[in-house]
Every structure is written in C-alpha cells, then in structure tokens.
Amino acid sequence: MDQTVRCMSKRFYLTTAIDYVNGQPHLGHAYEKIITDVMARAQRSAGAEVFFLTGADEHGQKVQQAAHAEGRAAQEYCDGLAATWQAFVARLDVTNDDYVRTTQPRHKEVVQAILSKLYAEGQFYKAPYRGFYSTKEETFLTEKDRRPDGNFDPSYGEVVELVEENYYFKLKDHQQWLIDYIESHPDFIFPENRKNEVLGFLKNNTLEDLCISRPSSRLSWGIPLPFDPTYVTYVWFDALSNYVTLPAALGDPLLCKALGCGAGKPVGPELWPADKQVIGKDIVKFHAVYWPIMLKAMGVPLPKQLVVHGWWQKDGQKMSKSTGNVVDPLAVVNEWGVDAFRYYVVRELAIGPDGNWTDAGFSARYHAELANGLGNLLNRSLSMLNRYRKGVVPQPSSELAKDAEKAAAESWAAIEKNELQDALVSIWGLVNRANQYVDQTAPFKMAKDPAQSARLDEVLYNLAESCRILAVLLWPFIPGTSARIYAQLNLKTTPDKRSEAQWGGLVAGHVIGAPEALFPRRDQPAAGK
RNA sequence: CGCGGGGUGGAGCAGCCCGGUAGCUCGUCAGGCUCAUAACCUGAAGGUCCCUGGUUCAAAUCCAGGCCCCGCAACCA
C-alpha cells in the first residue's frame, strides 16, 4: 500500500537543541527555532517528507530547587513552564512535528534502554570523586570557583571536602576515532571554523571520562539509572539522548534494533540519522564530542551534520538580564508581526558568525526591504492590473521568467548550503528586478495610449506572475506573507510547494483580488504633527 | 605565552580559504518617474582595506611581528 511505502522511506530529520525550561525564552531561542524552521519548510516545499523536532530539557538541580522554592511538585512546575515554551514556539510559526520533554515516559524509557545497553557492554565504570561540596548550593565546586585569596565565596555557605562514588562513561577510548571521523567527514560540523575548533581541541587535549550519574540522595529530579537506582542520570546525558529517544519511541526501525527497545511495538517512520542538528556555539563540545561518542558506543550512526549558529548581541553588547539589555522576541512579534521578525533574524545574520541586534537596523530593513521593496512591488503591480484590466490576468508573457528562475535556483542552492541569508538576497534580486522593470517599461504611460494595449498586457502579466513566484520562494521564510500574497492574487491554494515556482502559473482570465499593504510603514510622523 | 571572534568609504557588513578592476545595504547629493505603502528607477561623491616588515610581476587577500576592540562566572542559543 502507498501508506506503507511512505512510512518506509527515510525522512529528512531536523532538530534544535532542547531548551532548559527554567528560564525565559529570548532572542537566541527564537533564532534557533526560526532558522531550523526555514530549513524544514524548505525541504517540505521541495517535496521531502520532513520531521522537525524541538523540545524541553526539564531535569536537574535548578529545576528541582526552583520548584521547591515555589512549594510545588517538580513535575507540576515543569508542566507549566513547558506550556509556556510550546506557546512561544507556536507564536513564531515554527512547524515542529513533535515536542519532546525529558520528563515524558517515552523519553525516559529509551534513556534507560540506552543506559542498560551501555552498562551491559562495559562502557561505564564506577569510581570515587573527591571534591569540595557546597551543602547550601548542593553542588560540587571547582578550582574556578575559588576567589583570588583561595577561599570559596561566602555565598556558597559551608564547603566540605567530600568523596562520592559515581559512574563514568569511557570517552577516552574513542578520542582518535572521533578525530578520524571528523577529518573524513568534512561536512559533519558546519561552518568550517567550528570544525577546526573541535579538531584543535581534540588534538591538544586528552578527554576526561564523562561522569554520567548523580547520587539521588542529593539530586532526585532525574532519570534513575536502571542498573543502580540510588543514582539519577546526569542531565547532559539525559538531554542529548532526546534526539534519538523520540524517534525510537515512535518506532524508528534502525534505533529500535540498535537499542533493543522496540519489541512488540509497531514500526514507525525512519528518522535516524538526523540530517541536521542545529545548535548554538556554546554547546558545540557537547554535540561534537560527547554526543558522537555516545552514539558510537550505542552502535548508531552519527547525524549527518551539526549546524552551529552564533550568538546575538544587542547594540554591540552582550545581552544580559541583569542590565536589561535584552530583546524580547514576543514583544517584537507583537509590535511588528511574526514575519517581519523572522525576516530580520534570517536576513541580518549568516549562520555561524555572531550578530548584532539594533532597533534601528530592524526598522531600516523593515522599511527598505519589506515595505518599500516587496510590499510596494505587490501593491503597485496589483493596483495597475486592477486599474487597467479590471483585475483580469492577461495572456502569459515570459519576459521576467529568466529572472524568476534565477532567483529560484540561487535561493534553493543557498538553502542547501545553510546560507539562508544569501537565499533571501537572491530572492530580493527578483524583487529589485521587478521594481526596475516597472520603471523601464512604464505601464502607467502605456495605459494612456490604446495603441500599446498589447504591450501593457505583457508587462502586467510579468509583474503579477513575478509576485506569485515570490510568494512561493518566500514560503520557508515568511509563510504568513506568502499566504497573503496568494490571497491578494485571489489564489485558493497555499504557496507551499516549490514546484509552483514554475513560470506561467497564473492563467489568462483569472481575476485577482484587491491590493492591501503587506508591511505598512511605521515611520510616518504622528497625526497632527 | 589561556581560547575564540573582529578591525574594509559617515553607519552596518561581504570579499580573505582558491592573490590580479574593492562589492552590498543604509545614509548623503543630483536627476528621472508618478502605477504604488512620501514608495520606485538612474547616476554621483566618499576608502592610507589597523600598523610595520616580508613573499610576489602583483597583497584587503599569503607569511612574520605589533597595536586596538569584543566575548569566554551565572541566567543562556
């Protein structure tokens, strides 16, 4: 059956990092979700079956303490936060296919299966750890926590030297293998400078084995080790696993077989290995070192690519809650619209370098590129078609077809190379070309001369069709705007298929709708001034 | 010798890996147009590409040295 065939084909699987719930959503979270969403939508638009996963990281000391401080059960506390985070993702028009939470049974079961397997295969060993422990903060302190005078800050309270037994994962054994893997898979870490950074780290340091447990006597909010219930799983081991636990829980055949966790369950979609795992530069080490070694030990292939993005600054300064130097994504979305926000963060910054958010820059791009460029093009094109032809689409003409094809080809090629910023630049090549075309052909002059009626038809067709194609090309980036363009063209379908970017989609005789400003200008003087 | 990013016309950036007319956006100035969201189009001015030295026929680009700026406790992508 068709259904079976569809289920059996490997899907394009993308992930973001999962968010630690014990914090507020900010610009960085929004950025990561949006760039991943653009990639996901672009793949779907090209006809791929996509699975896009994001989620929440809910275990750990801080959550346990915060819940306790509010006098609430940890799970109840997390449920409230997770709802906030999911609403945040939805507000950004992000099309994740599922949302994994590390407190869900489906996640925990697979984590335990992984732990059992690795334990049985001798990947873990138990060893004592000696260190300085703050009973007040309930955490071990490191040498970095010492003040210059050698003492620990009084805020840590009483500090005692403590010996604690824990389980360790043998990372060392796999160090050379990982170096070889990264060197033989040059696309594994994107962009290249991050790859070089990881290689430099691996070649100049000896990996310490990773502690993967915490005694439940001091941290209960975690996943118990299946082979020793007096411990819970270290949060990073727990969190990283999400990328495979969710597919495994859904019945991914490769993972179920490797982890031995799918017995008796129906076979689900083929997701693993992930095609792209999008993360921030701060957690490269976890994803480019610990995570590949975990997978290797599990006997599971590595993701095809880690896409590492940079951080945002605000006005050239680090964003910081304490100084109030922050950008609230929801406030911007509420004021300017979700598409203006999506557009800005993708257009302003290539994936990799750090970026700088300025309100002036945001406003400048909004007005120059969205309002005056794209919005005005649609408005003038549709206005003239309505005014001179009563909104009836003339016979097709292909004067701008090559420009449209160029924008389509270039933008797609850029997206496949993770160059989303360049894709938008290519698309704006068509916006600018079409605006120039209006000026060069001057349809508003032809309209006054009946002898040029046939030529006017051609020009009006080229403009309307260019607008339609722009809607298709922009779908991954600003889907709401794409849909509005289609609505103004009075098209009943959704511009969510790249195949619709083929020139000639508008047919003669079709009647378009009324133009309406896509992005109203905001810099007008106040009324009465 | 801690690690990393960066210093390019007024502002913000690309180019540097794979040396050879220094490109983009905004701003400024001048012209054009009037379909359109006072939007659009064309042109112009404006740069010791941080400094010094080296390699080369040729360096923003490669090499060496130096100066300056920004991140690297925590929240956190």
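Just so it is clear, the structure is predicted and the values come from calculations on it, not from any experiment.
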**Complete:** When both distances are under 3.5 Å in a Watson-Crick or G-U wobble arrangement, the nucleotide paired with B:rU42 is B:rA30
**Asked** Taking the side chain of A:His309 as heavy atoms from C-beta outward, which of B:rU37, B:rA77, B:rC35 is closest to it?
**Response** B:rA77
**Request:** Give the rounded distance in Å between these two atoms: CE of A:Met384 and P of B:rU37.
**Result:** 11 Å
**Message:** Can you see if the side chain of A:Arg194 gets near the phosphate of B:rG4 - specifically, an N or O under 4.0 Å from OP1 or OP2?
**Reply:** no
**Request:** Round to the nearest Å and state the distance from A:Gln61 atom CD to B:rA74 atom C1'.
**Result:** 15 Å
**Asked** In terms of side-chain heavy atoms of A:Glu197, which of B:rC17, B:rA77, B:rG4 is nearest?
**Response** B:rG4
**Message:** Could you identify the nucleotide paired to B:rC72, looking across every strand shown and requiring Watson-Crick or G-U wobble geometry with both distances under 3.5 Å?
**Reply:** B:rG2
**Complete:** pair_partner(B:rA36), Watson-Crick or wobble, both distances < 3.5 Å, evaluates to none
**Request:** Specify the closest pair of heavy atoms between A:Val21 and A:Trp85, including all atoms of both residues, with the distance to one decimal.
**Result:** O-NE1, 3.3 Å
**Prompt:** Contact class for A:Asn435 vs. all strands (heavy atom < 4.0 Å): base, sugar-phosphate, or nothing?
**Reply:** sugar-phosphate
**Fill in**
Exactly one candidate in A:Asp79, A:Asp57, A:Asp19, A:Asp238 meets salt bridge (charged side-chain N to carboxylate O under 4.0 Å, His left out) with A:Arg101; the answer is A:Asp79
**Request:** Select base, sugar-phosphate, or nothing to describe what A:Lys33 touches, counting heavy atoms under 4.0 Å on all strands.
**Result:** nothing
**Request:** Only one of A:Tyr343, A:Phe362, A:Phe341 passes ring pair (Phe, Tyr, Trp, His ring centres under 6.0 Å) with A:Trp336; say which it is.
**Result:** A:Phe362
**Item:** RNA chain B: 5'-proximal contact among A:Lys445 and A:Ala371 (nearest heavy atom)
**Value:** A:Lys445
**Message:** Measuring from the side chain of A:Tyr388 (C-beta onward, heavy atoms only), which nucleotide among B:rU34, B:rA77, B:rC35 has the closest atom?
**Reply:** B:rC35
**Request:** Name the nucleic acid region contacted by A:Gly375, choosing base, sugar-phosphate or nothing; use a 4.0 angstrom heavy-atom cut-off, strictly under.
**Result:** base
**Prompt:** Between B:rG12, B:rC35, B:rA74, which nucleotide gets closest to the side-chain atoms of A:Glu348?
**Reply:** B:rG12
**Distance between P atoms of B:rG7 and B:rG46 (Å, rounded)** = 24 Å
**Prompt:** Which whole-number value in Å describes the distance from A:Asp422 CG to B:rC13 P?
**Reply:** 16 Å
**Separation of the C1' atoms in B:rG27 and B:rA11, to the nearest angstrom** = 8 Å
**Message:** If I take atom CG in residue A:Asn376 and atom P in nucleotide B:rC33, what distance separates them, rounded to the nearest angstrom?
**Reply:** 18 Å
**Request:** Ignoring hydrogens and angles, tell me if any N or O in the side chain of A:Asp275 forms a donor-acceptor pair with the backbone of A:Leu14 under 3.5 Å.
**Result:** no
**Message:** Taking only the C1' atom of each, what is the distance from B:rC50 to B:rC16 in whole angstrom?
**Reply:** 16 Å
**Asked** Between B:rG4 atom C1' and A:Lys285 atom NZ, what is the distance in whole Å?
**Response** 14 Å
**Request:** Report the base-pairing partner of B:rG53 (Watson-Crick or G-U wobble, both distances below 3.5 angstrom), or none.
**Result:** B:rC63
**Message:** Once you apply a heavy-atom cut-off of 4.0 Å, does A:Gly310 come out as touching a base, just sugar-phosphate, or nothing?
**Reply:** base
**Message:** Just to be sure I understand the rule, does A:Ile283 reach a base, reach only the sugar-phosphate, or reach nothing, if contact means heavy atoms closer than 4.0 Å?
**Reply:** sugar-phosphate
**5'-most by nearest nucleotide on RNA chain B - A:Ile18 or A:Ser381** = A:Ser381
**Asked** How far does the C1' atom of B:rA45 sit from the matching atom of B:rC62, given to the nearest Å?
**Response** 34 Å
**Message:** Let's test your reading of the model: under 3.5 Å, does the base of B:rA39 pair with the side chain of A:Asn372 as donor and acceptor?
**Reply:** no
Going by atom type alone, with no hydrogens or angles, which donor-acceptor pairs under 3.5 Å involve a side-chain atom of residues 190-203 of chain A and a protein atom two or more places apart or on another chain?
unit_1	atom_1	unit_2	atom_2	d
A:Arg194	NH1	A:Glu197	OE1	2.9
A:Lys203	NZ	A:Glu183	OE2	2.7

**Verdict with supporting geometry, A:Asp449 and A:Lys445, salt bridge (Lys or Arg N to Asp or Glu O under 4.0 Å)** = CA-CA 7 Å; A:Asp449 179 5; A:Lys445 284 183 180 168; over 6 Å; no
**Item:** Nearest-Å distance once atom P is located in both B:rG2 and B:rG66
**Value:** 12 Å
**Prompt:** Do the charged groups of A:Arg342 and A:Asp93 touch, with an N to O distance under 4.0 Å?
**Reply:** no
**Request:** Look at all strands and tell whether A:Gln313 reaches a base, only sugar-phosphate, or nothing, counting heavy atoms closer than 4.0 Å.
**Result:** sugar-phosphate
**Prompt:** Does any nucleotide pair with B:rU48 by Watson-Crick or G-U wobble geometry, both distances under 3.5 Å, and what is it?
**Reply:** none
**Prompt:** Counting side-chain heavy atoms from CB outward, which of B:rC35, B:rA77, B:rC33 is closest to A:Arg380?
**Reply:** B:rC35
**Message:** I need the CG-P distance between A:Asn196 and B:rC17, as an integer number of Å.
**Reply:** 15 Å
**Asked** Counting any heavy atom closer than 4.0 Å, what does A:Asp19 reach on the DNA or RNA strands: base, sugar-phosphate only, or nothing?
**Response** sugar-phosphate
**Prompt:** Looking only at atom P, what distance separates B:rC51 and B:rC67, rounded to whole Å?
**Reply:** 15 Å
**Request:** Take the protein atom NZ of A:Lys448 and the nucleotide atom C1' of B:rU34, then report the distance between them rounded to whole Å.
**Result:** 8 Å
**Message:** Taking B:rC29 as the reference, what is the distance to B:rA14 when you measure between their C1' atoms (whole Å, please)?
**Reply:** 25 Å
**Message:** Is the shortest side-chain heavy-atom distance between A:Leu295 and A:Pro303 below 4.5 Å?
**Reply:** yes
**Request:** Using atom types as modelled and distance alone, determine if a side-chain donor or acceptor of A:Trp221 lies under 3.5 Å from a backbone N or O of A:Gln65.
**Result:** no
**Message:** Using side chain to side chain donor-acceptor pair (under 3.5 Å), reason through A:Ser426 and A:Glu410 one step at a time and then give a plain yes or no.
**Reply:** CA-CA 6 Å; A:Ser426 294; A:Glu410 285 181 356; 3.2 Å; yes
**Message:** Would you measure the distance from the C1' atom in B:rA39 across to the matching atom in B:rA77 and give it in whole Å?
**Reply:** 37 Å
**Asked** Contact class for A:Pro443 (heavy atom, under 4.0 Å): base, sugar-phosphate, or nothing?
**Response** nothing
**Message:** Can you build the contact string for nucleotides 23-32 of chain B? Use B for base contact, S for sugar-phosphate-only contact, and - for no protein heavy atom under 4.0 Å.
**Reply:** --SS-----B
**Request:** Could you tell me whether A:Gly280 contacts a base, only the sugar-phosphate backbone, or nothing, with contacts defined as non-hydrogen atoms closer than 4.0 Å?
**Result:** sugar-phosphate
**Message:** Rounding to an integer number of Å, can you tell me how far A:Lys281 NZ sits from B:rA77 P?
**Reply:** 14 Å
**Fill in**
Of the candidates B:rU42, B:rA77, B:rA36, the side chain of A:Asp282 sits closest to B:rA77
**Fill in**
Among the nucleotides B:rC70, B:rC76, B:rC35, whichever has the atom closest to the side chain of A:Trp311 is B:rC76
**Request:** For side chain to side chain donor-acceptor pair (under 3.5 Å), just list the numbers for A:Asp37 and A:Thr95, CA-CA rounded to whole Å, side-chain angles, deciding distance to a tenth of an Å, and then say yes or no.
**Result:** CA-CA 6 Å; A:Asp37 187 54; A:Thr95 53; 2.6 Å; yes
